[in-house]
Number of protein chains: 2
Amino acid sequence: MPAESKVEARSVRPSSPPLTERQEARRRRILHASAQLASRGGFDAVQMREVAESSQVALGTLYRYFPSKVHLLVATMQDQLEHMHGTLRKKPPQGETAAERVAETLMRAFRALQREPHLADAMVRALTFADRSVSPEVDQVSRQTTVIILDAMGLEDPSPEQLSAVRVIEHTWHSALITWLSGRASIAQVKIDIETVCRLIDLTDPGASR
Amino acid sequence: MPAESKVEARSVRPSSPPLTERQEARRRRILHASAQLASRGGFDAVQMREVAESSQVALGTLYRYFPSKVHLLVATMQDQLEHMHGTLRKKPPQGETAAERVAETLMRAFRALQREPHLADAMVRALTFADRSVSPEVDQVSRQTTVIILDAMGLEDPSPEQLSAVRVIEHTWHSALITWLSGRASIAQVKIDIETVCRLIDLTDPGASR
DNA sequence: CGCTAATCTAGAACAAGTTTCAGACTTGAT
DNA sequence: ATCAAGTCTGAAACTTGTTCTAGATTAGCG
């Protein structure tokens, strides 16, 4: 009955209905345009009309794929996170302790973001500005981040305390990024904050190699 | 030469030019209207036209006092934070360790926010969405928060490590609030995160009473 | 008091996110 | 090949933050 089947965009989570090739292509064009515009001028430069035009899609269609600007930018972030995770996987961190490895990984990610500060601005602002209607997508980003951190820790089955520590690390990561993006903290400051919070890991993992 | 002298609103920081009585009254009406509307429907419910109308001020005047919606909401937060600090001061936390006292203080603040979740939503979203143009005001909020935490710790002159810990606690506090406000974390979860991050204090303060 | 500069007001105008709609186009099934 | 249902397009409309303007008010000063 449907034509190009249903929509509902997802990146790693092609849960609901599968997309037509042309739909997949559209989705990709949109995300590409979004990232491109964001790389220029950050959150404000991602204007829905421009995204639509750049990706050769009608405005209504754009809104069918991504029901709001925030949805679009969060999806863009998911997209970028995948790249990131792939990249990080290739060269695992060198640190001795779990805390060092996590800090190293986050700093590596941070340096990547520094290369595209405007893009980082757009994604992070969208992420923290997102309201309840975007919760599922934001949650997905959060889970992905958790995976990256656990990866760096090199744990099989983390304890509840360790999961709490990871949650706090994520909090710090997001908030520190924001203070950096809004010019209220220096890069060095962010580094210190990350290293400080990572100490929590050793605190919650008595069996860490020292 | 000027009439009602100059404007430039501030709360605890009447730095630049002092305000006329009528101006002070206007400013107060505006902040009151802002908090009232925010208490109803959160960030979205604070509509500049409505704030202007509620506070009996022309739209242009509103923008003269607060150059953007985010500025207005951040100022509203400063205002609320003062109350909060005053209230907290009266009954200092009971905990034995600094970590316990800080956690207790933050949880007390958290409970206050729970009583007006919409207001909390408006203020916190504004805070994290703020761009560079609002940095001074956001920074002021941050400083005020730092003071509250240091107060709870009961320290005279904190070490750099301790200040780092406080910074991380603030990061966690903000970010945890956001996850709670957007329905991605339960109240219990926030509590755990706060308690977890507060452990950093003991970690950085070897001389803590135990 | 009378002046002058600054402030305030009412309201129009503009910008960008979001919604809506009629009509053209695709798709999968018969 | 044809049809029904779902999609896409282009364009207009609507909402809310922000800016602008002309004229009325106000404050402080000589």
Side-chain angles (χ1 to χ4, degrees), chain A residues 1-9 16-27 29-30 33-34 37-38 40-74 122 125-126 129-131 133-134, chain B residues 1-9 16-27 29-30 33-34 37-38 40-74 122 125-126 129-131 133-134:
Chain A
M1 300 92 161
E4 302 193 25
S5 88
K6 292 207 188 143
V7 176
E8 267 289 302
S16 336
L19 300 184
T20 296
E21 260 186 42
R22 308 183 55 189
Q23 291 182 318
E24 189 55 49
R26 266 184 215 115
R27 181 163 196 286
R29 285 205 306 279
I30 293 173
S34 168
L37 288 171
R40 292 231 208 310
F43 189 88
D44 294 329
V46 180
Q47 303 195 352
M48 297 305 266
R49 282 174 243 261
E50 284 206 40
V51 172
E53 194 174 350
S54 291
S55 49
Q56 303 266 284
V57 139
L59 191 55
T61 305
L62 171 53
Y63 273 95
R64 174 187 274 278
Y65 280 71
F66 303 97
S68 79
K69 175 170 172 170
V70 168
H71 280 85
L72 170 58
L73 285 173
V74 171
R125 296 262 292 287
F129 190 57
D131 65 4
S133 72
V134 204
Chain B
M1 300 94 160
E4 301 193 26
S5 88
K6 292 203 187 148
V7 176
E8 267 290 303
S16 334
L19 299 184
T20 295
E21 260 188 43
R22 308 185 54 191
Q23 291 182 318
E24 190 53 50
R26 267 184 215 114
R27 180 163 196 284
R29 285 205 305 279
I30 293 172
S34 167
L37 288 171
R40 292 233 208 309
F43 189 89
D44 294 330
V46 181
Q47 303 196 351
M48 298 305 268
R49 281 173 244 262
E50 284 206 39
V51 173
E53 193 175 350
S54 292
S55 49
Q56 304 266 284
V57 141
L59 191 54
T61 305
L62 172 53
Y63 272 95
R64 173 186 274 278
Y65 280 71
F66 302 96
S68 78
K69 174 171 173 171
V70 169
H71 280 86
L72 170 58
L73 285 173
V74 170
R125 296 262 294 286
F129 190 57
D131 65 5
S133 72
V134 204

Between C:dT19 (C1') and A:Leu62 (CG): distance, integer Å: 13 Å

Figure out the CD/P separation between A:Glu21 and C:dT26, and round it to whole Å. 15 Å

Any idea which of C:dA16, D:dC8, C:dC8 is nearest the B:Arg64 side chain? C:dC8

Short side-chain N/O contact to C:dC8 OP1/OP2 from B:Gln23, under 4.0 Å: yes

Please report, rounded to the nearest Å, how far the P atom of D:dA11 is from the CD atom of A:Glu53. 11 Å

Donor-acceptor pair, distance only, cut-off 3.5 Å: does the side chain of A:Ser68 make one with the backbone of A:Val70? yes

Short side-chain N/O contact from B:Tyr65 to OP1 or OP2 of C:dC8, under 4.0 Å: yes

Hey, does A:Asp131 have a side-chain heavy atom less than 4.5 Å from the side chain of B:Arg125? yes

How long is the line joining CZ of A:Arg22 and P of D:dC8, in whole Å? 9 Å

How long is the straight-line distance from CD of A:Glu21 back to CD of A:Gln23, given to the nearest 0.5 Å? 11.0 Å

Between A:His71 and A:Tyr65, is a side-chain contact (heavy atoms from CB on, under 4.5 Å) present by the stated rule, with each step listed? CA-CA 9 Å; A:His71 280 85; A:Tyr65 280 71; over 6 Å; no

Can you check the A:Glu50 CD to C:dA16 P distance for me, whole Å? 8 Å

Spacing of B:Asp44 atom CG relative to C:dG17 atom P, expressed in whole Å: 15 Å

For residues 52-62 of chain B, tabulate all N or O donor-acceptor pairs below 3.5 Å that involve a side-chain atom, not counting sequence neighbours.
residue, atom, partner, partner atom, Å
B:Ser54, OG, B:Glu50, O, 3.1
B:Ser55, OG, B:Val51, O, 2.5
B:Ser55, OG, B:Ala52, O, 3.4

Look at all strands and tell whether A:Gln56 reaches a base, only sugar-phosphate, or nothing, counting heavy atoms closer than 4.0 Å. sugar-phosphate

Choosing from D:dT16, D:dT9, C:dT26, which nucleotide comes nearest the side chain of B:Gln47? D:dT16

Minimum heavy-atom distance between A:Ala122 and A:Leu73, given as atom pair plus value: O-CD1, 3.8 Å

Can you tabulate the close N/O pairs, meaning under 3.5 Å, that link protein atoms to atoms of nucleotides 18-20 of chain D?
residue, atom, partner, partner atom, Å
D:dT18, OP2, B:Tyr63, OH, 3.0
D:dT18, OP2, B:Lys69, N, 2.8
D:dT18, O5', B:Tyr63, OH, 3.4
D:dT18, O4, B:Arg49, NH1, 3.3

Between CZ of B:Arg26 and C1' of D:dA27 the distance, given in whole Å, is 11 Å

B:Phe43: which residues meet the ring pair (Phe, Tyr, Trp, His ring centres under 6.0 Å) condition with it, sequence neighbours left out? A:Phe129

